[in-house]
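What you are looking at is a predicted structure, and each value in this text was computed from that prediction instead of being measured.
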Amino acid sequence: MKHQQSITEMLTSLQRREYSCVELAEYFLNRIEESEELNAFITNDSENALTTAGKMDEAYAAGNAPPLAGIPVAHKDIFCTQGLKTTAGSHMLDNFIAPYTATMVEKLQIAGTVVLGKTNMDEFAMGSSNENSYYGPVKNPWSKTAVPGGSSGGSAAAVAAGLCAAATGTDTGGSIRQPAAMCGITGIKPTYGRISRWGMIAYASSLDQAGPLSRSAEDAALLLEVMAGFDPKDSTSLDEPVPNYSAILCNSIAGLRIGLCREYFRAGLDSNIELAIQEAIRVVESAGAKVTEISLPNTRHAIPAYYVIAPAEASANLSRYDGVRYGYRCENPADITDLYKRSRSEGLGKEVKQRIMVGSFVLSEGYYDAYYRKAQKIRRLIKNDFMEAFKQVDLILGPTTPSPAFEIGEKSADQISMYLQDIYTISSNLAGVPAGSIPVGFSDGLPVGLQIIGNYLDEARILNLAHRYQMETDWHQRTPGGDIL
Amino acid sequence: MSRSDWEIVIGLEIHVQLLTNSKIFSGASTHFGAEANTQACAIDLALPGVLPVLNKDVYRVAVALGLAIGAKINLRSVFDRKNYFYPDLPKGYQITQLTYPIVESGQVEILLPDGNAKVIGITRAHLEEDAGKSLHEDFHNRTGIDLNRAGIPLLEIVSEPDMRSADEAVAYAKYIHQLVTYLAVSDGNMSEGSLRFDSNVSIRRTSDTELGTRTETKNLNSFRFLERAINHEVDRQIGVLESGDKVKQETRLYDPVKDETRPMRSKETSNDYRYFPEPDLLPVEIEESYIEEIRQRMPELPREKASRFVADYALAQADADLLAASSQLGDYFEATVKISGDARLAANWVRVELLARLKTDNIDVTDVPVPASELGYVIARIKDGSISGKIAKTVFEALWQGEAGNAQSYIKQNGLVQVSDVVELESLIDAVITSNPKQVEQFKAGKTKLMGFFVGQIMMQTKGKANPQRVNKLLKSRLG
């Protein structure tokens, strides 16, 4: 079935005219319509999707189709798309039509992708379950009462349910990898600065990074090749050449040095997840990789450091949402103070407001040194831990999440428990190193993800290991409907 | 107690709008006077997802100014976010430099009105973006926001509290104004907001070593307002302290209509800006070679130029200072000297005639209708005796009004060349002497005032074209 094809297979089918781009787009648009209960999408852009698909059909006919011509994708609603609503999952931006397009989206458009719509997300990327959206929670395609993870929950659910060929997401503390793990798909957060942040609504500037969510490492490689690259409009963008990730996928992993971080295998890790991870490691070892134990001693400080730095940056990044120039404005403001207070109180959700308050607090006079400055120092220690580890190993493997997808509503009252979902993922954001998650099994019917962390700009090696693993196993081909290709 | 029992301590913060084509963090135009909100792009509007990119020109300009004030240029500087809410600040924070500014500790030497020189320390100068404008008057209980100004590059120059009077503060402000216009760092147009002053004023008893509580008066945009605001603040503070009260540390605004300062509404002042380093911009790292390159291309500064005028053209210091007051005026003067070959005459003409005319017509030397080459030509003709000084003035006026294409043809067409020929003049003199025997006798008898009469006669005969010096000389030798 078309939704089970890899991107490469779809491209072949399109080139051979087995079906047209328009047919392919229509196919997925129908599936989206039929899966509305998942609430994975905020906006469907069927009109433009079909127009683009038509153009790509012409391109195939003319023989000048770009590399991903006709591939249907969905974008997390955090990326500005010109002429289309871009909400960041928030009431505050429910009326915002972006007047420009994010660089990353533009690159995918130039490559010929067909944009089906914008996916649901935790408001302003703040959340680990997609329960913080103004547009309602997203359901996990594997269990309709479970969360898909967050904040890129909509994108992960869409890929897992076969509503698009691939989707984009953002990852600030784990928001690509954790939903990828919970939805049984492949997600990559590249090195900080690898993909341009121009047009990506900011949550925490020094941590945010875009990335692909797809059904395989092979698909991820194709997408990353297009998405990555220097952008002069983003001063934090890396001016480094983008490797041909696809060409490196099949490299042998014999001799690859794998590190298992002892701090990741402590109490609190779901036992089924631990088993699945250990099995995955055995597969990798049998392909010739060498496994050693390493330590990332400052792991336990990562979450507190993150929950100081991210809210601090967010508190400033979200100040622009004030009802003055665009976005939600309260009715009949009495004066500017009233306009600010009510527009922001009414337009922003609870979690967002909480993080703004925390962020303002840790930056405030008398507390800056004790909190923000201290957290940045811890950040350097965490980075140093990785640098030390990567002297001994090439990649670090471990679980992506401590537990599989939990029930909707289960953790919403327990914020700390929610925050602890990111315990394995958050360190890589603080250090800026790349990391991905691939499906490696199940825990009581819910997907389990294996996290692969690499050194700076070593996305190729992460994808290589992921692909070699996916050549030996079929977890990534399982679908919620129970089909296997 | 009188004013003399108190010592006044003043520090100035000067905000200079930098002359670059585009804004500090976006490509929008910085051109003054455009229709509201036509020069504010997505970045300036703080739309979701936008990012700042540093305009490298701005850096070059800041380094040039740093060099001109003998300051330390930091090879590494960092931008910070200064957080507060105001509708003309779209992001809800201003990007500025707090801990690691581009320029640190420098100093300038200013000339006080009494002729003495004084060194004023400069603590630092840092880059930041300007906010938009809030217009309160025209919108019926609402405020209009114009974001054209949002993002214009500013250099904030912070002085040490080294000034001890409003006069000193004004002298310092004027020097900085001259310096930034000299370096073409700013257009110096204060009515357009290119330069704004914040004055920090405190007073203490002359016997005290500790500084008193200071107040800040913001957004003064003329030297006159600066002087008045300072003096008003000093008097007010003296009044407060003498009545036994304490001066409250606060921010104030100057009202030019009432000529007084008043406190800003407390809502306008933010106590805690929650500064943190700007994560969207990298620290700026420059090399010594970059600084050196800028140093090589620095123009001559006002003091240097004036000294050179004294040395090269034998001008009096005061005249040299005046001619070097702006680099354009200095250049005009020198071009005139080059063409005319007479520095003294050129200095007089530029200093007196030209400056007067510029003032009455209210134009700047950059818009002067008489090119230096033309004025130089006219002066050269005075020097070689072709025309008199008086005729030269009419030629100059004609050039100014645009009635003359160029001096040479104008002089020729109107037959303005002086009669200097001795033979011709002597025959005219003979004629005048012969026809006015009575006056000749009276002159010889001692009525020397009659020289003017004889000169006048010659002038009449020649329709004003006789060379007056020569006529005088010849008459003297004839009449004795």
Side-chain angles (χ1 to χ4, degrees), chain A residues 78-80 86-88 90 92-93 96 98-103 124 196-202 204-208 231-237 309 312-313 315-322 324-327 335-337 339-340 344 359-368 372-373 376, chain B residues 25-27 37 40-56 79-95 98-99 132 134 136 141-147 150 265-268 270-284:
Chain A
I78 202 170
F79 295 104
C80 287
T86 301
T87 69
S90 181
M92 176 55 79
L93 293 177
F96 180 68
Y100 74 106
T101 298
T103 297
F124 284 106
S196 169
R197 291 189 297 119
W198 172 261
M200 190 172 116
I201 296 176
S205 315
S206 72
L207 300 162
D208 293 344
D231 182 7
K233 296 201 284 286
D234 175 358
S235 304
T236 61
S237 167
I309 295 169
E313 294 180 4
S315 72
N317 285 330
L318 270 66
S319 293
R320 65 191 62 193
Y321 304 112
D322 54 13
V324 174
R325 298 166 311 291
Y326 55 80
D335 56 30
I336 186 64
T337 308
L339 192 156
Y340 283 153
R344 288 166 67 79
S360 305
F361 176 75
V362 301
L363 291 173
S364 63
E365 195 158 329
Y367 295 102
Y368 177 88
Y372 186 79
R373 201 139 174 271
Q376 293 282 36
Chain B
F25 298 120
S26 82
N37 293 313
C41 67
I43 296 171
D44 307 316
L45 291 167
L47 293 188
V50 297
L51 295 168
V53 178
L54 178 63
N55 176 344
K56 296 207 174 78
F79 285 100
D80 297 290
R81 290 189 183 178
K82 177 180 182 181
N83 296 281
Y84 65 97
F85 284 95
Y86 205 67
D88 64 19
L89 190 70
K91 292 190 293 296
Y93 58 86
Q94 177 198 35
I95 301 179
L98 179 72
T99 320
S134 296
H136 304 289
N141 285 334
R142 290 175 163 226
T143 297
I145 306 291
D146 175 11
L147 295 175
R265 289 178 303 135
S266 56
K267 283 178 187 160
E268 283 172 293
S270 230
N271 293 320
D272 188 356
Y273 294 114
R274 303 189 299 284
Y275 287 96
F276 68 100
E278 170 58 79
D280 288 331
L281 292 171
L282 302 180
V284 182

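Residues S235(A) and V53(B) share a closest heavy-atom pair of OG-CA, 3.7 Å. Heavy atoms only, all atoms of each residue included: P279(B) and R197(A) are closest at O-NH2, 4.3 Å. In this structure, E313(A) and R81(B) approach most closely via the heavy-atom pair O-NH1, 3.9 Å. In plain terms, the two heavy atoms of Y372(A) and F276(B) that are nearest each other are OH-CD1, 3.6 Å.
The CG atom of D272(B) lies 5.5 Å from the OG atom of S364(A); values are rounded to the nearest 0.5 Å. A distance of 11.0 Å separates CZ in F85(B) from OG1 in T337(A), rounded to the nearest 0.5 Å. Taking CG from L89(B) and CG from D322(A), the interatomic distance works out to 9.5 Å, rounded to the nearest 0.5 Å.
The choice from P99(A), P232(A), S319(A) that makes the most heavy-atom pairs within less than 4.5 Å of chain B is S319(A). By number of non-hydrogen pairs under 4.5 angstrom with chain B, the leading residue of Q376(A), K233(A), R325(A) is R325(A). The greatest number of non-hydrogen atom pairs below 4.5 Å with chain B, out of A102(A), G199(A), S206(A), C80(A), is found for G199(A). In terms of heavy-atom pairs under 4.5 angstrom with chain B, the leader among S360(A), A204(A), G327(A) is S360(A).
Looking at T86(A) and P48(B), their side chains never come closer than 4.5 Å, going by heavy atoms from C-beta outward.
Contact annotation for I43(B): only side-chain heavy atoms (C-beta onward) come within less than 4.5 Å of a heavy atom of chain A. If you measure heavy-atom distances from Y93(B) to chain A, the contacts under 4.5 Å come from the side chain alone. For a residue to count as touching a neighbouring chain, one of its non-hydrogen atoms must lie under 4.5 Å from one of that chain's; by this rule L47(B) touches chain A with backbone and side chain alike.
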